2 protein chains.
Amino acid sequence: MASLPEPAALLPVEPSGVEMVAKFFRALSDPARLRLLEFLLSDEHTVTECVAHIGLTQGRVSTHLGCLSDCGYVQARRQGRFAYYQVSDPRVAELVLLARSLAADNATALAACMRISDTA
Amino acid sequence: MASLPEPAALLPVEPSGVEMVAKFFRALSDPARLRLLEFLLSDEHTVTECVAHIGLTQGRVSTHLGCLSDCGYVQARRQGRFAYYQVSDPRVAELVLLARSLAADNATALAACMRISDTA
DNA sequence: CCAAAGTATCCGGATATCCAAATGTTAGTG
DNA sequence: CACTAACATTTGGATATCCGGATACTTTGG
């Protein structure tokens, strides 16, 4: 009957478990962001370098990087007027490798899946 | 110089690597599909059982299951007029666990990320 | 064969997402 | 103190995605 059964429930805005993980996956569901993440897996790069690498506008790249940073995929480091981004958690590489492995084994079926968009 | 440097390039429709993996991730970026996938991680279930579990329309659930099947996350088995779905590849569980682990460690930042939608 | 259960597909409509372009902000430079 | 470079944020428009409801398909049962 208590209106506040648990302390953590004080924030109704916070998505519960599954919603959070879905949001986490959504960050990698965009080709541009995934490309950026892979670019940042090995080395540290500035926003301008990322722009040159994927060919989108600077504003869009900045937003994408901010998104990846918010989700914990990459870490941002400020040095003067430069912003350096890089993957810090080794589990991120694991996740990408695992997904690549699974996707590769279902490549043909995946390509045929019209329920997700052919924009790719 | 050759116009066709590699045999695999003969199919321009097929998304190249990154696009494919992004599509793969996109399947898990929807809370309903992720909920279904977790439901099918341990046991085999029919479409009707899935409908009862997540509370969406039958048509929608069927489409979601088809999507998960196309992407290779679950396997479909036909028995009379029933369709049984289940996760078959153990790497799928690994992927979900890894994502849960990463998402949990970035829960607060993730919840604050407004670049991805607050619909959750 | 006809009816019903289980499942798959099609349909607009509401919302979310991505983009380029323009504008802000901050930190070096002359 | 202008001025520029690097980065961040905002805006409006096009497209994608998700949804319920209606409909078609398939198999079992009478």
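Computed over heavy atoms, backbone and side chain alike; hydrogens, waters and symmetry mates excluded. The structure presented is a predicted model; accordingly, all values stated were derived computationally and were not measured.
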Query raised in the report: For A/Arg78 and D/dA5, what is the distance between atoms CZ and P respectively, to the nearest whole Å?
Result: 19 Å
Query raised in the report: Is A/Gln58 side chain donor-acceptor paired with the D/dA6 base, going by distance under 3.5 Å alone?
Result: no
Query raised in the report: Within a strict 4.5 Å, meaning less than it, do heavy atoms of the A/Leu95 and A/Tyr73 side chains meet?
Result: yes
Query raised in the report: Is A/Thr46 near enough to D/dA6 that one of its side-chain N or O atoms lies under 4.0 angstrom from OP1 or OP2?
Result: no
Query raised in the report: B/Arg60 side chain N/O closer than 4.0 Å to the phosphate oxygens (OP1, OP2) of D/dT17?
Result: no
Query raised in the report: B/Glu49 has an atom CD; how far is it from atom P of C/dG6, in whole Å?
Result: 11 Å
Query raised in the report: D/dT26 C1' sits how many Å from B/Gln79 CD, rounded?
Result: 15 Å
Query - d(NE2, A/His64; P, C/dC18) in whole Å - result: 6 Å
Report task. Measure centre to centre between the rings of A/His45 and A/Phe39, then say whether the value is under 6.0 Å. Result -> yes
Report task. Kindly say if B/Arg33 contacts the phosphate of D/dC18, meaning a side-chain N or O under 4.0 Å from OP1 or OP2. Result -> yes
Query - C/dA8 phosphate, OP1 or OP2, under 4.0 Å from B/Tyr85 side-chain N/O - result: yes
**Report entry** B/Arg81 CZ - D/dT28 C1' separation (whole Å)
**Finding:** 4 Å
**Report entry** Residue whose nearest DNA chain C nucleotide is more 5′ - A/Thr57 or B/Gly59
**Finding:** B/Gly59
Report task. Taking the side chain as every heavy atom from C-beta outward, state whether B/Ser88 and B/Val74 have any atom pair closer than 4.5 Å. Result -> no
Requested in this report: Would you please confirm or rule out a distance under 4.0 Å between OP1 or OP2 of C/dT7 and any side-chain N or O of B/Thr48?
Outcome: yes
**Report entry** B/Lys23 (side chain) donor-acceptor with A/Asp30 (main chain) under 3.5 angstrom
**Finding:** no
Query raised in the report: How long is the line joining CG of B/Leu28 and P of D/dC18, in whole Å?
Result: 12 Å
Query - Atom-to-atom span, OH of B/Tyr84 to C1' of C/dG6 - whole angstrom - result: 11 Å
Query raised in the report: Is it true that B/Arg33 and B/Glu38 make a salt bridge, defined as a side-chain N closer than 4.0 Å to a carboxylate O?
Result: no
Query - Integer-rounded Å distance: D/dC18 P and B/Leu56 CG - result: 11 Å
